[in-house]
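One structure is given here, and the rest of the page talks about it.
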Amino acid sequence: MQNNKQYDPMEIESKWQKIWDEKKIYSPETAKAKKPFYNLMMFPYPSAEGLHVGNTYAFVGADIFGRFTRMQGFDVFEPIGLDGFGIHSENYALKKGEHPESLAKKTKERFYKQLHIIGNSFDWTKTLETYDIDYYRWTQWIFVRMFKEGLAYRKKAKVNWCPSCRTVLADEQVIAGNCERCSSHVSEKELDQWFFRQATGVRPNGTLYPDSLLANLDKIDWSEKVKIAQRNWIGRSEGTLIKFELIGITGQADNKHTLEVFTTRPDTLNAATFIVISPEVAKKWINIGWKTSDDIRKYIDYAINKRGEVNRDAERKKSGIFAEFFAINPLTEEKIPVWVSEYVLADYATGSIMGVPAHDEHDREFAQKFDLPILNKKPEKSLWRKIEEEGWGKLHVVYHLRDWLVSRQRYWGPPIPMIFCESCAKEAKGEREDMPGWYSVDEKDLPVKLPFVENYQPRGTGVSPLAQDAAFYKVKCPGCRKDARRETDVSDTFLDSAWYYLRYPSIGVKDHAWDPEITRKWLPVNMYIGGAEHSVLHLLYSRFLTMVFKDWGLTDFEEPFTRFYAHGLLIKEGAKISKSKGNIIVPDQYIEKYGADTLRLYLMFLGPYDAGGDFRDTGIEGVRKFLNRVWILCIKHKDFILEDEKDAKEILVKMHQTIKKVSKDIENLRYNTAISAIMEFVNLLTKKAQGKIKRAKNIRCAEWDEALKTLLLLLAPFTPHLTEEIWTEYLGEKFSIHTTPWPKFNPEFVKEEELTLIIQINGKKRGELRLDRETGNDATKVDELSKANVKVAKWLEGKAVKKTVFVAGRLINFVI
RNA sequence: GCCGGGGUGGCGGAAUGGUAGACGCACAGGACUUAAAAUCCUGUGACCCGUUUGGGUCGUGUGGGUUCGAGUCCCUCCCUCGGCACCA
């Protein structure tokens, strides 16, 4: 190869991508691998023209970790796929006016091409798309199992309804009152829906799922902020349910003369001066026979209708009305008024509270507004036990987490594999006693294929577009063989993505969702990297399902992701990147102009990976120049000879320091500082090489060769193409650099022979000494040399040294 | 309101309680070149003193504290970003 060849990323990048694919160096043999390491990143959902640079940022950061780990000698499995089923892809198809099925083919091609050119070490022999029937048959299989095990159930409930997406949403998918997908304001609707028992399910060992999900957080190596978000979302509160006798209530059914409230502060029962029930609970009472005035009825209806707005309007003062009856405080035996107010939520605990204005801010506000008594009594700890002993109430735990609503009234998802038989329902027959009329599709009849429906647009009527396809929904009842009806809702996208990591290693396996042997070898996932926005969505659903699979004996681990690292958010010149701002960055244009290696290195150099970074075009130019310098250094100066022994030593010391720093930084995903360390090393090599190029044939310089090789190895995870090109084509090393062992540092070389020792007077720097290592660690010698220092002597003149602080090898401080 | 990050040059950002500003961008000057690009070198927190070599003061959002020594630890407040939000 010529020594004056320019660095041309276009040419070398596509060349190496092709060779890596052909030689399958990134495709470990799943069955035979000796040191398996599963390096996973969150797969993208194709809801736009293509990948944006935020995806690139996430994937490149994850890939660097994977490549680094591979060079440590592990068989790294780094798969990629598409979360292509679901509302996001369907909404995109609607926007484009195209059928999701044909659009999926195009986006697949486009996304995979983009994912290819960023130069990640993906295993392209094992990709998956959630809309692939070989995948979603198993998603349906999971649903069937959930039903058989009693963890899937159907109930009529007030659910979140997105009027724009025309479907229900799970609790986790409502962000600040808005739809997670389209940001429309979410309203409420009462509908029959399928739920998974993530909040109410009991494990075979008797523990509730939310308790295990909470407890396991202490055992996994995850970004702390994600753990905190999950703890808050699960929202476990320990308290007491207290029963209150009611008096003066009219028309109420005879057995309804008590009311139960939940409190986390039963010790303040002595200061409870009123009771508040939510409008929804009041409404229920009216329905079962509570006779009350028109004013109260009017208020209840008003408050229920206003519910959505009240939540959004923090300024709004608490409204409420006296319910015209009383309760007896079991402790004080006093008669306290019962009120109805919208500040009490219907769907938390019992939907009723005891008002303790002395100790609760909301209660105080309410009491002040309506002139209710405020009793300033100290909490009594003994009440926790007394309430139980006296039989007034019992200890109770309440969770913020709800069961997972999994049905969707949309088209582009896996049909829920269930059948409903009217006739069986009437006779109270069915697969499960508690769900008359319902049957799961027999496992041998799976998959239930999603039929092609031309008019797939959501109806908004609370049923899926599949309900118009008689050929699809008309079936025979598995129980009585009479005419029955298939469920026409599809399942939530988050169900598709809650188990995909189990499928990747087993892709191609026909008779299992995941092969037991392969799964034992590769799972749980060793490293998972993705955005923190999934803290309480995908990451919680995955944990729940994995725990369920363990309980069924289908896996031998409870937690899917041993380590999870949340990367930061990329911004553009100080502003958030968003479609509305029109500052979307498409990676392709940068790859075309600078090459993937430059883009990769630049993205990782921007700032700490967990903090995100600020994308600026001027910055990428600098990185391009840096890689050009590396190219010139390695190609033009590769035959350089270090004549000066001191230079050789200096380079070796820096080299070992750099190996140490870069290794540690990558292990902790501190890529920006790893890159600056490599830059420092390059700066030193460049400086030493200036004007000293030697081209004597067959004469090599061992130190220089080693320095260049080490530089390339350290840089390989960041810029895989450039380093491979120089490694094999110019240095004549064996293919591939990416399967070459990572360099090790020698602790002897890390320490410099000479060190700079700082001399301080009263903590202020007044001078410094260049000393050899031995002298620098000798307190007496340093003391002498410091005092002899001209600059320091000036400051010490005529002053008494009261105290001397000596830090070996670093500094000496004289206190005067 | 509660829970988490974070506030450091013109900018992105470095700093196990021990030389604040690594590395990079931008800018300025220089080398090479007929020229340009590329590359390389030098300088670059603010202010003050000194004609130069140099010396000094201040400086990590605010105010206090601990310490020989604080960007780092503790307390007060301010600002900002993210999450949750009438959760009893």
Side-chain angles (χ1 to χ4, degrees), chain A residues 6-7 175-177 223-229 231-233 235 237 239 261-265 268 276 278 310-314 316 318 341-345 347-356 359-363 365-366 398-400 532-533 535-536 568-569 571 573-574 576 602 605-608 610-623 625-626 628-629 632-633 636 670 672-680 682-683 686-687 689-691 756-768 791 794 802-807 809-816:
Chain A
Q6 293 291 305
Y7 170 41
I175 313 292
S223 297
E224 203 52 41
K225 57 178 174 179
V226 174
K227 288 194 191 181
I228 290 166
R231 275 189 205 108
N232 289 343
W233 187 259
S237 293
V261 304
F262 174 73
T263 178
T264 53
R265 295 295 306 278
T268 63
V276 191
S278 63
V310 173
N311 276 337
R312 292 156 65 77
D313 188 359
R316 213 184 142 89
K318 288 178 170 59
S341 170
E342 38 80 21
Y343 92 89
V344 174
L345 300 174
D347 49 7
Y348 187 74
T350 63
S352 316
I353 62 152
M354 64 179 198
V356 188
H359 299 294
D360 183 277
E361 213 182 308
H362 303 298
D363 295 350
E365 251 178 69
F366 190 73
V398 169
Y399 301 87
H400 172 263
E533 71 272 17
S535 299
V536 293
L569 213 66
I571 57 171
E573 277 156 23
K576 228 187 220 175
Y602 175 59
F605 186 56
L606 280 176
D610 60 349
D614 193 351
F615 195 102
R616 279 160 205 267
D617 286 7
T618 49
I620 199 168
E621 295 277 359
V623 170
K625 281 180 194 166
F626 167 72
N628 210 11
R629 277 208 300 279
I632 289 168
L633 178 72
K636 281 199 180 159
R670 302 194 52 88
N672 57 331
T673 47
I675 295 165
S676 25
I678 297 172
M679 284 174 167
E680 281 185 49
V682 170
N683 287 348
T686 307
K687 203 171 177 176
Q690 270 320 296
T756 308
L757 198 128
I758 303 305
I759 309 164
Q760 292 182 337
I761 311 282
N762 287 348
K764 278 195 163 70
K765 185 194 166 189
R766 293 301 178 193
E768 58 183 55
K791 287 177 198 168
K794 194 175 73 186
K802 277 195 283 186
K803 190 178 169 186
T804 305
V805 180
F806 176 69
V807 183
R810 297 216 83 131
L811 63 79
I812 187 158
N813 187 16
F814 299 108
V815 185
I816 57 171

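When reading the values below, keep in mind they use all heavy atoms of this one structure, side chains included, and skip hydrogens, waters and symmetry mates. Residue numbers begin at 1 in each chain, while the letters A, B, ... track the order of the sequences. This one's a predicted model, so the numbers in the text were calculated from it and none came from an experiment.
- Contact record, A:Asn762 with A:Val815: OD1-CA, 3.3 Å, taken as the closest heavy-atom pair.
- Taking atom CZ on A:Arg616 and atom P on B:C23, their separation rounds to 21 Å, with Å as the unit.
- The number of heavy-atom neighbours closer than 6.0 Å to CD of A:Glu224, taken from other residues, nucleotides and ligands shown, is above 12.
- Counting only heavy atoms from C-beta on, A:Val815 has its side chain closest to B:C68 among B:C68, B:A88, B:A15.
- Protein atom CZ of A:Phe262 is 13 Å distant from nucleotide atom P of B:C87, rounded to whole Å.
- A:Tyr602 approaches A:Ile620 most closely through the heavy-atom pair CE1-N, 3.6 Å.
- Between the CE atom in A:Met679 and the OG1 atom in A:Thr673 there is a gap of 12.0 Å [rounded to 0.5 Å].
- Taken from CD in A:Glu533 to CG in A:Leu569, the straight-line distance is 7.5 Å, to the nearest 0.5 Å.
- A gap of 15 Å separates the C1' atoms of B:C78 and B:G64, to the nearest Å.
- B:U44 sits 15 Å from B:G30 when the C1' atoms are compared, rounded to a whole Å.
- Heavy-atom nearest nucleotides on RNA chain B were determined for A:Thr350 and for A:Gly612, and the one closer to the 5' end corresponds to A:Gly612.
- Only the C1' atoms considered, B:C25 is 13 Å distant from B:G9, to the nearest whole Å.
- For A:Lys803 and B:C68, the NZ to C1' distance is 5 Å, given to the nearest whole Å.
- At least one side-chain heavy atom of A:Met354 sits less than 4.5 Å from a side-chain heavy atom of A:Thr268.
- With contacts defined as side-chain heavy-atom distances shorter than 4.5 Å, the pair A:Ile759/A:Phe814 qualifies.
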Are there any protein N/O atoms within less than 3.5 Å of an N/O atom in nucleotides 52-61 of chain B, and if so, which ones and at what distance?
| unit_1 | atom_1 | unit_2 | atom_2 | d |
| --- | --- | --- | --- | --- |
| B:G55 | OP1 | A:Lys791 | NZ | 3.2 |
| B:G56 | OP1 | A:Trp795 | NE1 | 3.4 |
| B:U57 | OP1 | A:Arg766 | NH2 | 3.3 |
| B:U57 | OP2 | A:Arg766 | NH1 | 3.2 |

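- Only the P atoms considered, B:G17 is 12 Å distant from B:C74, to the nearest whole Å.
- Note: CG (A:Asp610) to C1' (B:G4) measures 13 Å, nearest angstrom.
- For the residue pair A:Ala349 and A:Val398, the shortest heavy atom distance occurs at CB-CG2, 3.9 Å.
- Classification of B:G5 as anti follows from a glycosidic angle more than 90° from 0.
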Just the atom pairs and distances: protein N or O near nucleotides 24-27 of chain B's N or O, under 3.5 Å.
| unit_1 | atom_1 | unit_2 | atom_2 | d |
| --- | --- | --- | --- | --- |
| B:G24 | OP1 | A:Asn683 | ND2 | 3.0 |
| B:C25 | O2' | A:Thr618 | OG1 | 3.4 |

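- Remark: A:Arg810 CZ to A:Thr756 OG1 distance equals 10.5 Å, nearest 0.5 Å.
- Taking every side-chain heavy atom of A:Lys225 into account, B:G4 is the closest of B:G4, B:A88, B:A14.
- For the pair A:Leu606 and A:Asp614, the tightest heavy-atom approach, listed with the atom from each and the gap, is CD2-O, 3.0 Å.
- Residues A:Tyr343 and A:Asp363 bring a donor and an acceptor atom of their side chains to less than 3.5 Å of each other.
- A:Leu757 contributes atom CG, which lies 6.0 Å from atom CZ of A:Phe806 (distance to the nearest 0.5 angstrom).
- For the C1' atoms, the distance linking B:A46 with B:U51 amounts to 23 Å, nearest Å.
- Within the 4.0 angstrom heavy-atom criterion, only backbone atoms of the sugar-phosphate kind lie near A:Arg670; the bases stay farther away.
- Spacing between atom CG of A:Asn672 and atom P of B:U8 amounts to 16 Å, rounded to whole angstrom units.
- Comparing the same atom, P, in B:G61 and in B:C79 gives a spacing of 16 Å after rounding to whole Å.
- For A:Thr673 and B:A22, the shortest distance from a side-chain N or O to OP1 or OP2 is not below 4.0 Å.
- Rounding to the nearest 0.5 Å gives a distance of 10.5 Å between CD1 of A:Ile228 and NZ of A:Lys225.
- Looking at heavy-atom distances under 4.0 Å, A:Val398 makes no contact with the nucleic acid at all.
- When all heavy atoms of A:Ser237 and A:Thr264 are compared, the closest pair comes out as CB-CG2, 3.9 Å.
- Nearest nucleotide to the side chain of A:Thr264, out of B:U39, B:C87, B:A88: B:A88.
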Check the interface with nucleotides 80-83 of chain B: list each N/O to N/O pair with the protein under 3.5 Å, or write none.
| unit_1 | atom_1 | unit_2 | atom_2 | d |
| --- | --- | --- | --- | --- |
| B:G82 | OP1 | A:Lys576 | NZ | 2.9 |

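- Contact annotation: side chain of A:Glu361 to base of B:C86, donor-acceptor pair absent below 3.5 Å.
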Exercise. According to the Watson-Crick and G-U wobble definition with distances under 3.5 Å, which dot-bracket string, read 5' to 3', encodes RNA chain B, using [ ] for crossing pairs and | for pairs with another strand?
Worked result: (((((((..(((.....[....))).(((((.......))))).(((((....)))))..(.(((..]....))).))))))))....

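- For the C1' atoms, the distance from B:A36 to B:G45 is 35 Å, rounded to whole Å.
- Going from atom CD1 of A:Ile761 over to atom NZ of A:Lys764 covers 11.5 Å, rounded to the nearest 0.5 Å.
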Would you tabulate the pairs of protein nitrogen or oxygen atoms and nucleotide nitrogen or oxygen atoms of nucleotides 17-21 of chain B closer than 3.5 angstrom?
| unit_1 | atom_1 | unit_2 | atom_2 | d |
| --- | --- | --- | --- | --- |
| B:G18 | N2 | A:Gln760 | OE1 | 3.1 |
| B:U19 | O2 | A:Lys765 | NZ | 3.4 |

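- Listed pair A:His362 / B:C87 meets the phosphate criterion, a side-chain N or O lying under 4.0 Å from OP1 or OP2.
- Heavy-atom minimum distance, A:Ile675 versus A:Phe605: CG2-CD1, 3.6 Å.
- As a whole-Å value, the separation of A:Lys687 NZ from B:U39 P is 18 Å.
- When rounded to the nearest whole Å, the span between CH2 of A:Trp233 and C1' of B:C2 equals 16 Å.
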Could you list the protein-to-nucleotides 45-50 of chain B atom pairs, N/O on both sides, closer than 3.5 Å?
none

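- Side chain of A:Ser278 to main chain of A:Gly351: a donor-acceptor pair is present (N/O by atom type, distance under 3.5 Å, no hydrogens or angles).
- Across all strands shown, A:Asp363 has no heavy atoms under 4.0 Å from either base or sugar-phosphate atoms.
- We find that CG of A:Leu606 is positioned 15 Å from C1' of B:A14, with the value rounded to whole Å.
- In this structure, A:Gly607 and A:His400 both approach RNA chain B, and ranking their closest nucleotides by distance from the 5' end singles out A:Gly607.
- Separating the C1' atom of B:A85 from that of B:G10 is a span of 40 Å, rounded to the nearest Å.
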